[in-house]
Amino acid sequence: MFLFLGGEEWKILAEKLGLNPAEILYLDKRTMNPCIELLSYIRSQRLIDVGTLYDALVECGFPVWADML
């Protein structure tokens, strides 16, 4: 599902989910697939629930991905 975020789109979602610039930079420069790492980080830290993720995806312009949840 999120493997298709090939550019900078994941950063919009990361900001919406509350990651700070240092966290985004870390994921961008030190991981192979920043979007997957973003979701893994969010899940491990229990920062959000599915409803919040759904809303963030819709607000960022990714309603199809939100519906896949």
Side-chain angles (χ1 to χ4, degrees):
M1 167 167 94
F2 294 101
L3 299 175
F4 300 109
L5 288 174
E8 304 291 311
E9 299 94 346
W10 73 272
K11 292 180 182 179
I12 298 167
L13 181 60
E15 288 176 8
K16 190 67 155 172
L17 295 175
L19 270 69
N20 65 45
E23 292 168 321
I24 293 171
L25 182 62
Y26 176 84
L27 292 176
D28 190 34
K29 300 298 181 190
R30 293 179 177 84
T31 62
M32 294 285 291
N33 190 331
C35 189
I36 295 296
E37 295 299 326
L38 164 66
L39 295 174
S40 178
Y41 175 73
I42 294 293
R43 183 188 65 201
S44 71
Q45 299 298 314
R46 301 189 194 285
L47 297 176
I48 62 168
D49 58 23
V50 174
T52 303
L53 178 57
Y54 182 92
D55 292 342
L57 286 167
V58 170
E59 290 175 17
C60 289
F62 309 124
V64 174
W65 296 338
D67 288 341
M68 291 179 177
L69 290 176

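Predicted model, so just to flag it, every value in this text is computed and none were measured.
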A.B. asks: Which distance, rounded to the nearest 0.5 Å, do you find between the CD1 of Ile48 and the CD1 of Ile42?
C.D. replies: 5.0 Å
A.B. asks: Might you work through the side chain to side chain contact (heavy atoms under 4.5 Å, CB included) test for Leu19 and Leu38, ending with a clear yes or no?
C.D. replies: CA-CA 9 Å; Leu19 270 69; Leu38 164 66; 3.7 Å; yes
A.B. asks: Going by atom types only, do Thr52 and Asp49 share a side-chain donor-acceptor pair under 3.5 Å?
C.D. replies: yes
A.B. asks: Where is the tightest heavy-atom contact between Ile24 and Trp10, given as atom of each residue plus distance?
C.D. replies: O-CH2, 3.4 Å
A.B. asks: Kindly compute the distance separating OG (Ser44) from CD (Glu37), expressed to the nearest 0.5 Å.
C.D. replies: 9.5 Å
A.B. asks: Closer than 3.5 angstrom, by distance alone: can the side chain of Ser40 be matched with the main-chain N or O of Ile36 as a donor-acceptor pair?
C.D. replies: no
A.B. asks: When rounded to the nearest 0.5 angstrom, what is the spacing between NZ in Lys16 and CG in Leu53?
C.D. replies: 12.5 Å
A.B. asks: Side-chain heavy atoms under 4.5 angstrom apart, residues restricted to Ile, Leu, Val, Met, Phe, Trp, Tyr: same cluster for Ile12 and Tyr41?
C.D. replies: no
A.B. asks: Looking at SG of Cys35 and CG of Asp28, how far apart are the two atoms once the value is rounded to the nearest 0.5 Å?
C.D. replies: 12.0 Å
A.B. asks: Looking at Leu27 and Pro34, what are the two nearest heavy atoms and their distance?
C.D. replies: O-CB, 3.7 Å
A.B. asks: Do Val58 and Trp65 come close enough that some side-chain heavy atom pair is under 4.5 Å?
C.D. replies: no
A.B. asks: Would you check if the side chain of Glu23 reaches a backbone N or O of Asn20 as a donor-acceptor pair within less than 3.5 Å?
C.D. replies: yes
